[in-house]
*Asks:* 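Attaching a single structure in C-alpha cells format; questions to follow.
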Amino acid sequence: MLFMAESYDFASIERKWQSRWQRDAAARVRGKDGRPKYYTMEMLPYPSGDLHIGHAKNYSLGDAVARMMRMLGYDVLHPMGWDAFGLPAENAAIARGIDPAAWTTENILNMRRQIRLMGTSYDWSHEIATCEPEFYRWNQWLFLRLFERGLAYKREAPVNWCPQDQTVLANEQVQDGRCWRCGHLVERRNLSQWFLRITEYADRLLADLDRLPGWPERTRTMQRNWIGRSEGATFAFAVDGLDASVEVFTTRLDTVYGVTFLALAAEHPIVAELRRIVSPEHAAEIEAFAQSMKSKSELERTSLMEKHGIFTGAYAIHPLSRTQVPIWITSYVLADYGTGAVMGVPAHDERDFEFARKHALPAVTVVVPPGDAQAVEGRVFVEDGRLIASDDFSEMSSERAREAIAATLEARSLGRRTVNYKLRDWLISRQRYWGTPIPIVHCPSCGEVAVPEEDLPVLLPPGVTLRGEGSPLASVPEFVETTCPSCGEPARRESDTMDTFFDTSWYYLRYLDPHNDTRPWSLQRAQQWMNVDQYIGGAEHTVLHLLYSRFFYKFFHDRGWVTGPDEPFSHLFHQGMVLRDGEKMSKSRGNVVGIDETAEKTGVDAMRLFLLYVTPPEDTSDWTDEGISGRVRLLHRVWRACLPFFERAAAAGGENGRALPQAESPQEKALLRAVHVVAKSAVEETLSRRFHYNTTIAKLDELVNAMTSAAGTTSESPALLYAVRTLPVLIAPFAPHIAEELWERLGNPQSVHFEAYLEPDERALEVDEVTLVVQVNGKVRARILVPASIEQERALALALEDPNVRAHLGGKTVRKQIYVPGKLVNLVA
RNA sequence: GGGGAAGUGGCGGAAUGGCAGACGCAGCCGCCUCAAAAGCGGCCGAGGCAACUCAUGUGGGUUCGACUCCCACCUUCCCCACCA
C-alpha cells in the first residue's frame, strides 16, 4: 500500500461545516422569490441547562423535515426560541442566591450552542426569548386587549394552590391531584385571581377539532374530552321554608321522577341560608362538615371515592311531582361544575346509588329496560329505557321523555335546556417573580385600571431578593406603589405574574416579526406565513399549550389580526420519548446520554440518523450504544463508497454525470433503482407527513450495500459514478455534515443544501423482471421469474407448466384464477 | 369507571388485502491478520433427511388469499377520572 486512504473524520467535518453554515446564515428564509411558503417548527425548549436526547430527537426530525422541504422547492421558515420564563429559573435563583435572568441567559447560551452542534438549520434571525422585555411587553399588550373585551377578569374563586411552589395552578396543571411540576399535593384555596375566559370559546374549540385532519386522532379526542361538552337541562327545586331555590343540572331528565334527595357541594351558596332555617343541631353539623371538607385536599375529596355527606335538616320541593326531598351536603358534588348541586337518583346513577345505600336513602325506579322490567328492581340501571311512574311521561322512551320533560319545564318556566362544559376558565395569575407582570393598577376609587399602552412594558424590577415564599413583587415597594393612570391618586400595581403558557400561546406569531416594536406582529407577515404548516413536539402538551394556542388564535382571528383559517397549526406531529436500554434517562440513574459527549464519540450525523432510524418517530425509541454504532458503521461505508471518486469526480466537474445513465447490466440497473428507491421513500414520507424516515434510512442502507458490492466488481461503471454523485443529495436532510463534505470533495462549488432533492425517476424505478408467486388454493407452490410486462395469459400458462404446481393441482380442474400483475397467480382447484 | 394507542424472531422494527420477518442490533461461521480490532463474505423464527408443515397475543368470521378488514376476549402502555 502506497498511502493510507483518508478515513471519515466526523469531528473535523462537523466542526468545519457548522462554522461555515453559521457564517453563511445558510438557513435564512429566502423571502419573495415565488416559492411556496412552508412554516415548520418544533416546540421551543425551556432553557433548563443542557439539551437532552429527547430534544435531539425532536430537532433531528424537525430539521429533516425543514431540509427536505427546502430541497423540494419551498421557502421554509424554521425558527427557534426559548420558553424562558418559569419556576425552575426562580428556584435555581433562590437556591444559589443569583438572578434568574443570569441563570436563564447562561442556559440559553449553552443550549443554543448545543442546538447548533447538532447541525440544525434554524433561521436564528427570528429567535425569541420570552423573558426579554421586547417579547413580554406584547404579552402585556395582548392581555390588555383581552381585558378590554372582558376576556381577562379577576375573581375570587376556589383555586388550586401548590404549597411547595407557593403559587396557584391552572386546572390543566393539576395531575392526579398533584402539581405537574413538583408533584406536591395541591390544596384548595379561595383567592382572588386573574382568569382568561377560554370557556367563551368552548363551542368553537370543540367543533373545530373536526376541521383538523392533520392532527393525531388521540390529541383531538383528548381535547374533546377535556372540553367535555354535555347537553342537558337546568331546573330549580324550591327550598321548603325559604324564599329561595336550588338549581341542578342533569343530562338525564328522563330520570327526574326518581329523585329521592338533593345533593349540594359544601361550598354551595345556599348552604349558609339553610343553616338559618334548620335546628341548631343541624346547623352545627353543617358547619362541622363544611369545615372538614375545606381542610381536605382536592385529591382526598374526590379521588378517594368514599362518599361522605350529611342531611341538612331542610327539604326541597320536586318541581314536577311536588313531593318533598331531603337536602344533603356531600363530598362528591363538585362546586364548580354545573350548578354545584345535583338531583339524587339512586335507581339510575351509580354515584347516587352508592351514596344512597350508605346513608339509607330510598331508590325509586322510573326507567326500565324494554324487556324484563322486574330485573332492575333494587339495582342501579343507568341505560336508557322505558319510563314508568312518571305521570304523563310514563311509557315514553328515555329519549322522547327527555325532550318532553324539557319542553314542559320550559313551558312552565321551571327550567331550560342547557349545555355544560368541563372546561373551566384559565387561571393565569402566578404569585411568582420570573414571569410577565400583569399590567393592571388597582385604584381605591377607579378599581382595576389598565396600564396605558405607552407605559408598556411594565418591567420586572431587577435585584429582587427571592426567598421562595410570599409574592415576590408584592414585597417591592418601588414596584407596587404607583399612581392610578386614570385619576392620578396613589394606587397599587398588580403583583401577580402570568402563567408562562400565556407566552407560548402566541410565540409562533412573534417568530414572524420578532423585532416589530409597534405591534406584536404585522398583519402582512401573518398573511404571508400563517398557518404553521407543520408543528412537531411532545404529546405532553395536548391539553395545555395546544388548547390555549387555539383559543388565542381564535381571539386574534376575531380581531382581524390574522386571516385565513382560525386554527394556528394545520398539521401536528408528536414524537415519542427516548429511553436508554429500556429505562427512562435521569441524572439519579446516571444513564443520561449527553449531546456533547455523543458529538465527540460518534458525531452528530450518526446520532441524527440513529434517532430517525431506530423507530418510527411517533414511537418510543430505545437508545443503545450498539444501536448507534450501526449508524457510525453506515457513515464509514458511505465515506468509503465515495472515496475513490473524490479526485476523478472533482476533475470531471460538478455538473457532469447528473443525468440518469443507461444501465449496462442487471447489476447496474439494480444500483440505479436503489438510488431512486431512497429518493421515492424520502419524498413520500415527507409529503405524506408520516415521517417514517426509519424506512427511508433502511433503503439507504440497501443502496450503500449495493454500491459496496458494485465497487467490488467494477469501479468504472457510470451507474456507480451516478450513485456516488447522488448520494450526498439523498442523505443531506438526515446527515447534513457528511453530505456537505462529500459534495464538496466531489467537486461541487455550492452547498448541497441548496440543491433540489432527487426527483424519483419512473424509468429508474421500473424493473425488467419480477418474481411471480404461484399459489395453489392460497398456498405458495412456486416462484417464477418473468418479464415485468408479461401478459396475464402467458403468466397463467407459465404457472400451469411448473411441475410443483401441477403436482399440487393433482389433475383437478382449475375453477378460478386470480392474477395480480407483478405479484402473484393463485389457482383455485 | 370512561377514552385512546398498541401486541410480529433473542432485540428495534419492515410489510396495511397478495412471497411474513426488509434494514439494523446481538449472535454464529469463514476470509484477511503473527494476533486482535476494523473491514469483507456467509448463516441466523420453530419442526423435519426431504417434500413440506407450523408461526404475526387468544378464539371466531369475511375472502381465492388476512400481520393487515370485522366481532369477542386477553395483555401492555398512555390520557382523563365522583363532570351529574
Side-chain angles (χ1 to χ4, degrees), chain A residues 7 175-177 216-222 224-226 228-230 232 248-252 255 263 301-307 330-334 336-345 348-352 354-355 420-424 539-540 542-543 576-577 581-582 609-610 613-616 618-631 633-634 636-637 640 692 694-705 708-709 712 771-783 804 807-808 814-829:
Chain A
S7 70
Q175 288 160 4
D176 287 334
E217 185 53 47
R218 78 178 153 134
T219 304
R220 290 191 285 161
T221 305
M222 278 167 66
R224 243 176 238 125
N225 293 342
W226 187 262
R229 183 181 204 270
S230 48
V248 297
F249 170 74
T250 182
T251 55
R252 290 300 304 277
T255 67
R301 280 179 62 174
T302 61
S303 296
L304 296 181
M305 295 300 175
E306 183 74 6
K307 291 181 174 50
T330 71
S331 63
Y332 77 96
V333 175
L334 301 173
D336 53 357
Y337 178 77
T339 62
V342 284
M343 61 180 206
V345 187
H348 304 293
D349 182 280
E350 302 267 12
R351 296 150 302 180
D352 297 343
E354 192 188 325
F355 184 77
N420 253 298
Y421 297 93
K422 291 187 199 175
L423 183 69
R424 315 292 160 80
E540 67 276 15
T542 297
V543 287
M577 299 184 308
D581 303 314
L609 277 176
F610 175 73
Y613 177 71
V614 68
T615 29
E618 67 273 25
D619 289 356
T620 300
S621 341
D622 194 15
W623 180 283
T624 61
D625 292 343
E626 297 78 28
I628 195 168
S629 67
R631 297 303 86 191
R633 273 199 280 275
L634 172 68
H636 278 285
R637 281 158 59 78
R640 281 197 305 271
H692 282 202
N694 54 321
T695 60
T696 306
I697 296 167
K699 285 163 178 131
L700 180 67
D701 275 278
E702 291 185 74
L703 169 60
V704 176
N705 288 343
T708 303
S709 51
T771 303
L772 267 192
V773 168
V774 184
Q775 297 182 333
V776 177
N777 293 327
K779 293 218 182 271
V780 180
R781 297 303 175 189
R783 292 182 176 85
N804 200 37
H808 280 91
V814 174
R815 281 190 294 118
K816 196 169 173 184
Q817 301 170 340
I818 314 286
Y819 177 64
V820 183
K823 298 243 157 130
L824 102 172
V825 172
N826 189 10
L827 305 169
V828 185

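The chains referred to below are lettered A, B, ... by the order of the sequence lines, with proteins before strands, and numbering in each begins at 1. Keep in mind it's a predicted model, so treat the numbers as computed, not measured.
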*Asks:* Does a side-chain N or O from A/Arg633 land closer than 4.0 Å to OP1 or OP2 of B/rA26, or not?
*Replies:* yes

*Asks:* How long is the line joining CD of A/Glu354 and P of B/rA81, in whole Å?
*Replies:* 19 Å

*Asks:* Indicate the atoms forming the closest heavy-atom contact of A/Arg252 with A/Met343, along with that distance.
*Replies:* O-CE, 3.4 Å

*Asks:* Looking at every strand, decide which applies to A/Gly630 at a 4.0 Å heavy-atom threshold: base, sugar-phosphate, or nothing.
*Replies:* sugar-phosphate

*Asks:* Mapping A/Gln775 and A/Asn420 onto RNA chain B by nearest heavy atom, which one lands closer to the 5' end?
*Replies:* A/Gln775

*Asks:* What integer number of Å spans the P atoms of B/rC28 and B/rG21?
*Replies:* 24 Å

*Asks:* Does any non-hydrogen side-chain atom of A/Arg424 lie less than 4.5 Å from one of A/Asp336?
*Replies:* yes

*Asks:* From C-beta outward on A/Arg631, which listed nucleotide comes closest to its side chain: B/rG24, B/rC64, B/rC54?
*Replies:* B/rG24

*Asks:* So if I apply the side-chain contact (heavy atoms from CB on, under 4.5 Å) rule between A/Lys699 and each of A/Thr695, A/Ile697, A/Asp701, A/Leu703, which one comes out positive?
*Replies:* A/Thr695

*Asks:* Return the nearest nucleotide to the side chain of A/Thr695; candidates are B/rA81, B/rA15, B/rC40.
*Replies:* B/rA15

*Asks:* With a 4.0 Å limit, can you tell me whether A/Arg218 has a side-chain N or O closer than that to the phosphate oxygens OP1/OP2 of B/rC77?
*Replies:* no

*Asks:* Under 3.5 Å, is there any donor-acceptor pair linking the side chain of A/Lys307 to the base of B/rC82?
*Replies:* yes

*Asks:* Can you tell me the distance, in whole Å, between the CG atom of A/Asp625 and the C1' atom of B/rC11?
*Replies:* 15 Å

*Asks:* When the distance from CD1 of A/Ile818 to C1' of B/rA66 is rounded to whole Å, what number comes out?
*Replies:* 15 Å

*Asks:* Taking atom P of B/rC25 as reference, at what distance in whole Å does atom CZ of A/Arg637 sit?
*Replies:* 9 Å

*Asks:* The side chain of A/Asn804 lies closest to which of these nucleotides: B/rA14, B/rC52, B/rA84?
*Replies:* B/rC52

*Asks:* Taking the same atom, P, in B/rU16 and in B/rG10, what whole-Å distance lies between them?
*Replies:* 24 Å

*Asks:* Can you identify which nucleotide, out of B/rC25, B/rA84, B/rG12, has its nearest atom closest to the A/Tyr337 side chain?
*Replies:* B/rA84

*Asks:* Counting only side-chain N and O atoms of A/Arg640, is one of them less than 4.0 Å from OP1 or OP2 of B/rC40?
*Replies:* yes

*Asks:* Taking only side-chain nitrogens and oxygens of A/Asn826, does any of them come within less than 4.0 Å of OP1 or OP2 of B/rG18?
*Replies:* no

*Asks:* Using the P atom in both, what is the distance from B/rG24 to B/rG30, to the nearest Å?
*Replies:* 22 Å

*Asks:* Ignoring backbone atoms, test whether A/Asn705 places a side-chain nitrogen or oxygen under 4.0 Å from the OP1 or OP2 oxygen of B/rA22.
*Replies:* no

*Asks:* For the side chain of A/Pro616, counting heavy atoms from C-beta on, which of B/rG4, B/rA14, B/rA84 is nearest?
*Replies:* B/rA14

*Asks:* To the nearest angstrom, how far is A/Arg252 atom CZ from B/rC82 atom C1'?
*Replies:* 17 Å

*Asks:* Compare the minimum distances between each of B/rC64, B/rA84, B/rA81 and the side chain of A/Lys816, then state the nucleotide with the smallest one.
*Replies:* B/rC64

*Asks:* In whole angstrom, give me the gap between the P atoms of B/rC23 and B/rC40.
*Replies:* 15 Å

*Asks:* For B/rG1 versus B/rA20, give the span between their C1' atoms, rounded off to a whole number of Å.
*Replies:* 39 Å

*Asks:* Atom CG of A/Asn225 and atom C1' of B/rG3: how far apart are they, to the nearest Å?
*Replies:* 5 Å

*Asks:* With rounding to the closest Å, how many angstrom separate the C1' atoms on B/rG9 and B/rU62?
*Replies:* 29 Å

*Asks:* Remember a base hit wins even if backbone is also touched, and classify A/Lys823 as base, sugar-phosphate or nothing at under 4.0 Å, heavy atoms.
*Replies:* sugar-phosphate

*Asks:* Which value, in whole Å, describes the distance between the C1' atoms of nucleotides B/rU63 and B/rG13?
*Replies:* 29 Å

*Asks:* State the pairing partner of B/rA50; accept Watson-Crick or G-U wobble contacts with both distances under 3.5 Å, and report none otherwise.
*Replies:* none

*Asks:* A side-chain contact here means heavy atoms from C-beta on lying under 4.5 Å apart; do A/Thr615 and A/Tyr613 qualify?
*Replies:* no

*Asks:* Using Watson-Crick or G-U wobble geometry with both distances below 3.5 Å, tell me the partner of B/rG41, or none.
*Replies:* B/rC29

*Asks:* Taking CZ from A/Phe249 and C1' from B/rC82, how many angstroms apart are they, rounded to a whole number?
*Replies:* 15 Å

*Asks:* Is the shortest heavy-atom distance from the side chain of A/Leu824 to the side chain of A/Gln775 under 4.5 Å?
*Replies:* yes

*Asks:* For the residue pair A/Gly344 and A/Asp352, what are the closest heavy atoms and their distance?
*Replies:* CA-OD2, 3.5 Å

*Asks:* Does B/rC73 have a Watson-Crick or wobble partner in any strand here, with both distances under 3.5 angstrom, and which is it?
*Replies:* B/rG57

*Asks:* Look at A/Tyr613 and B/rG12 and indicate whether a side-chain polar atom (N or O) is within less than 4.0 Å of OP1 or OP2.
*Replies:* no

*Asks:* Contact between A/Val776 and A/Arg781 at the side-chain level, heavy atoms closer than 4.5 Å - yes or no?
*Replies:* yes

*Asks:* Taking the six-membered ring of A/Phe355 as reference, does the NZ or CZ atom of A/Lys307 fall below 6.0 Å from its centre and within a 45° cone about the axis?
*Replies:* no

*Asks:* For the residue pair A/Val248 and A/Thr339, what are the closest heavy atoms and their distance?
*Replies:* CA-OG1, 3.4 Å

*Asks:* Select one nucleotide: of B/rA84, B/rG12, B/rA20, the one nearest the side-chain heavy atoms of A/Val780.
*Replies:* B/rA20

*Asks:* Looking at every strand, decide which applies to A/Val828 at a 4.0 Å heavy-atom threshold: base, sugar-phosphate, or nothing.
*Replies:* sugar-phosphate

*Asks:* Quick one: is A/Lys779 getting a side-chain N or O under 4.0 Å of the B/rC54 phosphate, OP1 or OP2?
*Replies:* yes

*Asks:* Under 4.0 angstrom, heavy atoms only, what part of the nucleic acid is A/Arg815 near: base, sugar-phosphate, or nothing?
*Replies:* nothing

*Asks:* I want to verify the glycosidic state of B/rG9; is it syn or anti under the 90° rule?
*Replies:* syn

*Asks:* Below the 4.0 Å mark, does B/rA51 have OP1 or OP2 next to a side-chain nitrogen or oxygen of A/Arg781?
*Replies:* no

*Asks:* Record whether the side chain of A/Asp701 comes under 3.5 Å of the base of B/rC23 through a donor-acceptor pair of N or O atoms.
*Replies:* no

*Asks:* Report the distance from atom CG of A/Leu609 to atom P of B/rG24, rounded to the nearest whole Å.
*Replies:* 13 Å

*Asks:* Pick the closest RNA chain B nucleotide for A/Asp622 and for A/Ser230 by heavy atoms, then say which residue is nearer the 5' end.
*Replies:* A/Asp622

*Asks:* Closest to the A/Arg783 side chain: B/rA84, B/rC82, B/rC19?
*Replies:* B/rC19

*Asks:* So if I take every side-chain heavy atom of A/Val614 and compare against B/rC82, B/rC40, B/rG12, which nucleotide ends up nearest?
*Replies:* B/rG12

*Asks:* Could you give the distance separating B/rU33 and B/rC43 at their C1' atoms, to the nearest angstrom?
*Replies:* 23 Å

*Asks:* Check the phosphate of B/rC11 against A/Thr624, side-chain N and O only, distance under 4.0 Å to OP1 or OP2. Yes or no?
*Replies:* no

